[in-house]
Structure formats: structure tokens, C-alpha cells
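Shown next, in C-alpha cells, is the structure this report addresses.
All values below come from the heavy atoms of this structure, side chains included, with hydrogens, waters and symmetry mates left out.
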Amino acid sequence: MPFSSPGRWLVAAALLLCGLAAPRAARGAVQLCLKDGTCLAVSSYEVKGDRVRYYSLERSEWEEVPLALVDLEATQRAQREAEETKKKQREEARELDRERFFKPPDQGLEVAPGLRLPGDDGVFTVEGRRLVRLVLSSGEAVTDKKRAAMVLAVPLPVMKMRSLVILDGAKAAVRLNDPWPVFYVQSADGLGTRLQLLRLKPGKESRVVENVDTSRGRNAETTEERTTVAVDRKQVAPKVYTLKSLQPLEAGEYALGELVGDKLSMDVFDFGYEKWKKVK
């Protein structure tokens, strides 16, 4: 049941703040499972007496359903499985990080004297005399607590709800020392034509990839805001594109993200640039 009165909008916003600490599945969604075998995609939910209130990702509204129709055990099991999947993805990313410096087999495009791209798809750059494979990291959508607090003060549906797409950790595992890196995107599906170079906003324990604002109501609209860096893009071989910034990079955190239409993928190739000190 959607909230329609100003008082109910306040209740909805309060529930949203309560749900900020609730566990999330991949991409910020939670599966609320019903006893008929179906599941609802929600951002958070809360049991209130004989009712379950939840924020529907499909309709961008607060709704409720009788507790008797909800399979809480299946819901909690789905959340645990989602967390286990995310943990496995993080472990795989760490393993790729440990292997990111390597000497590829002599079978692909020569990108530097004695260095060639390997046979599989990926995003690479040359750092000194080494070929570096960028790690694909999964972003997570979290609610902007400041914006949620503002909604409490504005009961009418005029404020947009804001979520942030973030990456875990203050710094990327891959660190580059060249302010003019050239990225080689090798992909059979033309990924090099869709990647954007993004400047990330740093934080203490995470990096912000973009802001996502969603208006409230049945005709909700979503807009994405991100900081992009202009690049020179060229096809240098079959299935291989190069991307190079049109200006030297400033020290900080970056990512190469796939843009389809006007929507950015949650999975990005992240890295950081910093000037390394020479050891005398």
C-alpha cells in the first residue's frame, strides 16, 4: 500500500533511515520472498506487527503486505546467499590483484618492446616494463544518509531520493605512476567503444563512482551524475581499442566504466594514480 499523506511520507522516510543498516544483496537490492514462491525486489523492509513494510525498487514507493504472506526464512536465506556471492567475488578480485603483474604469452598486439597483449579479453596498461591488467570491481548502491535526513523535513514528494554507487576501500589495488597512461581494451564485443574514464570521489573507507537521484511517485525518473575525464579513443587492431586521457591525470582514484545509453554499469575497472617517490 503506497503512502499518500504527508504524515505517511514522514513515516516512510523514517523507515528508510532505519533500513540503511539492513543487509543488501548484489547491486543494493534485497529479495523479499513470499510463500507463493515469488520474490519482490526491495531496497529495505521492516516487520511491523502483522504487516511487512518495504520500499519497492520496481515502483519506487513504500508498500506493505501481510506478514502471513511473507516467507521470512527464505528471505533471510536469499540475503545470506547474496552475501556469500559478494564475498566470493571479492576473493576472486584479490586473487586477480595478486596476479596483475605478469609477462603475457607472445600472441597478441605488441604494446611496448617485448610486451604483447594476452589472448583473453581485458583492460591493460603498460607500467614501466610490465603489462598491468586492471581488476574488475563491483560497485554497490547505498542510500545517501544526508539526503534521507532532508526528506524527513520535507514531507511532500518534492525531494529526490539519492543513492551513491561506491567501491569498497579508500584506494584501488592497482596503482599507476604515469600521468599519461594508455589503456588497451581487448574485447570481442567492442567494449572499448563504451568505456568512460571516471574520476572518483575519495572517502575514508570507500570511493564514490556516481550519484543516482530518483524522484518519488509512480512516474519516478532517475538521473545519474558522475565526473568524467575526456579521452582519445582509437582502434589499433581487431578487437583492440586504446584510451588515453586528453590531459595528464591528477593524483587520485579513477575507474573505467561501461556506459550503455546513459546508464553506467556497476562493475568498473578501478585504479589509482600517484607519483611514486624514487628510492635513492
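- Between Glu64 and Lys48 no salt bridge is recorded (no basic side-chain N to carboxylate O distance below 4.0 Å).
- Inter-residue side-chain proximity for Leu243 and Leu195 is flagged as met; some heavy-atom pair is nearer than 4.5 Å.
- Closest heavy-atom contact between Tyr273 and Leu249: CE2-O, 3.3 Å.
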Handout entry: Verdict with supporting geometry, Val126 and Leu131, side-chain contact (heavy atoms from CB on, under 4.5 Å)
Key = CA-CA 5 Å; Val126 176; Leu131 188 67; 4.2 Å; yes
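- Between Lys171 and Glu253 no salt bridge is recorded (no basic side-chain N to carboxylate O distance below 4.0 Å).
- Residues Thr242 and Phe183 form no side-chain contact, since every pair of their non-hydrogen atoms from C-beta on lies 4.5 Å or further apart.
- Criterion: ILVMFWY side-chain heavy atoms under 4.5 Å apart, direct or through other members. Under it, Val182 and Trp180 are not part of a common hydrophobic cluster.
- There is no side-chain donor-acceptor pair under 3.5 Å between Asp168 and Ser206.
- Closest heavy-atom contact between Gly252 and Arg199: CA-NH2, 4.1 Å.
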Practice task
Applying salt bridge (Lys or Arg N to Asp or Glu O under 4.0 Å), run through Arg175 and Glu127 and close with a yes or a no.
Solution key: CA-CA 10 Å; Arg175 316 302 299 172; Glu127 184 69 29; over 6 Å; no
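- No side-chain heavy atom of Lys201 sits less than 4.5 Å from a side-chain heavy atom of Thr227.
- Side-chain contact check for Lys88 versus Glu92: some heavy-atom pair is nearer than 4.5 Å.
- Under the 4.5 Å side-chain heavy-atom criterion for grouping Ile, Leu, Val, Met, Phe, Trp and Tyr, Leu72 is connected to Leu40 within one hydrophobic cluster.
- Checked by atom type and distance alone, the side chain of Lys35 pairs as donor or acceptor with a backbone atom of Ala68 at under 3.5 Å.
- One N or O on the side chain of Glu110 and one on the backbone of Gly114 form a donor-acceptor pair closer than 3.5 Å.
- Using modelled atom types, no side-chain atom of Ser245 and backbone atom of Pro248 make a donor-acceptor pair closer than 3.5 Å.
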Practice task
Mind running side-chain contact (heavy atoms from CB on, under 4.5 Å) on Leu32 and Asp71 for me, showing each step along the way?
Solution key: CA-CA 8 Å; Leu32 182 62; Asp71 190 338; over 6 Å; no
Exercise for the section: Would you check, one step at a time, whether the test side-chain contact (heavy atoms from CB on, under 4.5 Å) holds for Val229 with Leu198? Expected result: CA-CA 6 Å; Val229 179; Leu198 310 173; over 6 Å; no
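- For the pair Val165/Met266, a side-chain contact is recorded, criterion being any heavy-atom separation below 4.5 Å from C-beta on.
- The CD atom of Gln196 lies 7.0 Å from the CG atom of Leu264; values are rounded to the nearest 0.5 Å.
- A salt bridge is absent between Lys275 and Asp178: the closest approach of a Lys/Arg side-chain nitrogen to an acidic carboxylate oxygen does not fall below 4.0 angstrom.
- Looking only at atom types and distance, the side chain of Glu63 has a donor-acceptor partner in the side chain of Tyr54 under 3.5 Å away.
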Exercise for the section: Show your working on side-chain contact (heavy atoms from CB on, under 4.5 Å) between Phe271 and Val123 and close with a plain yes or no. Expected result: CA-CA 11 Å; Phe271 67 94; Val123 179; over 6 Å; no
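- To the nearest 0.5 angstrom, Thr75 atom OG1 is 7.5 Å from Leu34 atom CG.
- Gln186 places a side-chain N or O within 3.5 Å of a backbone atom of Pro118 that can act as its donor or acceptor partner.
- Between the OH atom of Tyr55 and the OG atom of Ser43 there is a distance of 6.5 Å, given to the nearest 0.5 Å.
- Residues Phe269 and Phe124 place their aromatic rings such that the two centres sit no closer than 6.0 Å.
- Note that CZ of Arg51 and CZ of Arg53 are 9.0 Å apart. Values are rounded to the nearest 0.5 Å.
- Val231 has its side chain out of reach of Leu246: every pair of non-hydrogen atoms, C-beta onward, lies at least 4.5 Å apart.
- In this structure, Val209 and Ile166 have side chains that are not in contact, with every pair of non-hydrogen atoms separated by 4.5 Å or more.
- Gly192 and Tyr241 make their closest contact through CA-CB, 3.9 Å (heavy atoms, listed as atom of the first residue, atom of the second, distance).
- Atom SG of Cys33 sits about 13.5 Å away from atom CG of Leu69, to the nearest 0.5 Å.
- Using a 4.0 Å cut-off between charged side-chain N and carboxylate O, Glu224 and Arg226 make a salt bridge.
- Leu191 has its side chain out of reach of Asp121: every pair of non-hydrogen atoms, C-beta onward, lies at least 4.5 Å apart.
- Here the closest non-hydrogen pair linking Lys239 and Ala188 is CD-CA, 3.7 Å.
- Here the CG-CG distance, from Asp267 to Leu136, works out to 5.0 Å after rounding to the nearest 0.5 Å.
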Problem - Pair Glu258-Arg194, salt bridge (Lys or Arg N to Asp or Glu O under 4.0 Å): steps then yes or no - result: CA-CA 5 Å; Glu258 181 181 8; Arg194 303 187 299 274; 2.8 Å; yes
